[in-house]
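Quick notes on the structure that follows.
Residue numbers run from 1 in the order of the sequence given.
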Amino acid sequence: MSNPQQLRYSKEHEWLSAAEDGVSVIGITEHAANALGDVVFVQLPEAGDTVTAGETCGELESTKSVSDLYCPVTGEVTEVNEDVVSDPSLVNSAPFEGGWLFKVRVTDEPADLLSAAEYDAFIQG
């Protein structure tokens, strides 16, 4: 498994793109998608919602379990990936591409986000 180097990661297994015009893309990692199993339902925040770093902002339901989705940053949701809402399996098949979850205009970013190398070490225990 190769985590993209340009992303940053949370210990709750979300990834965050570098901000473009203050907006970052958020998704879950391939590691998390594999651990969940086949994702069959996603509940995401809505555009305009305020999300807070480290707090629950949605839910992913798989054939194995239900998992809370935590936001890695604080800000305002600007867009939700409607393709994932319609076809949750994108979270499993393309977690770093078409399976992204939502975009946030970032107002605060915690200092404890991990680089790809740090995240790899974290998941390997």
Original post:
Partners of T107 by side-chain hydrogen bond (donor to acceptor under 3.5 Å, both in side chains), sequence neighbours excluded?
Top reply: none
Original post:
Minimum heavy-atom separation for P4 to Y9, with atom names?
Top reply: O-OH, 2.7 Å
**OP:** State the CG-CD distance between N3 and E118, to the nearest 0.5 angstrom.
**Re:** 12.0 Å
**OP:** Quick one: list whatever passes ring pair (Phe, Tyr, Trp, His ring centres under 6.0 Å) with F102, sequence neighbours left out.
**Re:** none
Under 3.5 Å, which donor-acceptor pairs do the side chains of residues 15-27 form with other protein atoms, sequence neighbours left out?
from : atom 1 : to  : atom 2 : distance (Å)
W15  : NE1    : I28 : O      : 3.1
W15  : NE1    : P95 : O      : 3.0
S17  : OG     : V25 : N      : 2.8
S24  : OG     : S17 : O      : 3.0

Original post:
What residues, two or more places apart in sequence or in another chain, satisfy ring pair (Phe, Tyr, Trp, His ring centres under 6.0 Å) together with F122?
Top reply: H13
Subject >> Expected output: side-chain N81 to main-chain G98 donor-acceptor under 3.5 Å >> reply: yes
**OP:** Could I get the full list of side chain to side chain contact (heavy atoms under 4.5 Å, CB included) partners for S86, not counting sequence neighbours?
**Re:** none
**OP:** Keeping to residues at least two apart or across chains, list the salt bridge (Lys or Arg N to Asp or Glu O under 4.0 Å) pairs with something in residues 74-96.
**Re:** E79-K103
Subject >> Linked, directly or transitively: V91 and L7 (ILVMFWY side chains, under 4.5 Å) >> reply: no
**OP:** Go through D120 and L114 one step at a time and tell me if the side-chain contact (heavy atoms from CB on, under 4.5 Å) criterion holds.
**Re:** CA-CA 9 Å; D120 288 340; L114 307 172; over 6 Å; no
Subject >> E14: salt bridge (charged side-chain N to carboxylate O under 4.0 Å, His left out) partners, not counting sequence neighbours >> reply: none
Original post:
Can you find a side-chain donor-acceptor pair between Y119 and T29 that sits under 3.5 Å?
Top reply: yes
List, one per line, each side-chain donor-acceptor pair under 3.5 Å for residues 66-73, sequence neighbours excluded.
none

**OP:** May I ask whether V85 and L101 are part of the same hydrophobic cluster, defined by side-chain heavy atoms of I, L, V, M, F, W, Y residues being less than 4.5 angstrom apart, directly or through others?
**Re:** yes
Original post:
What pair of heavy atoms forms the shortest contact from V80 to V77, and how long is it?
Top reply: CG2-CG1, 4.1 Å
Solution key, residues 48-60 side-chain donor-acceptor pairs under 3.5 Å, sequence neighbours excluded:
from : atom 1 : to  : atom 2 : distance (Å)
D49  : OD2    : E46 : N      : 2.8

**OP:** Using atom types as modelled and distance alone, determine if a side-chain donor or acceptor of N92 lies under 3.5 Å from a backbone N or O of V39.
**Re:** yes
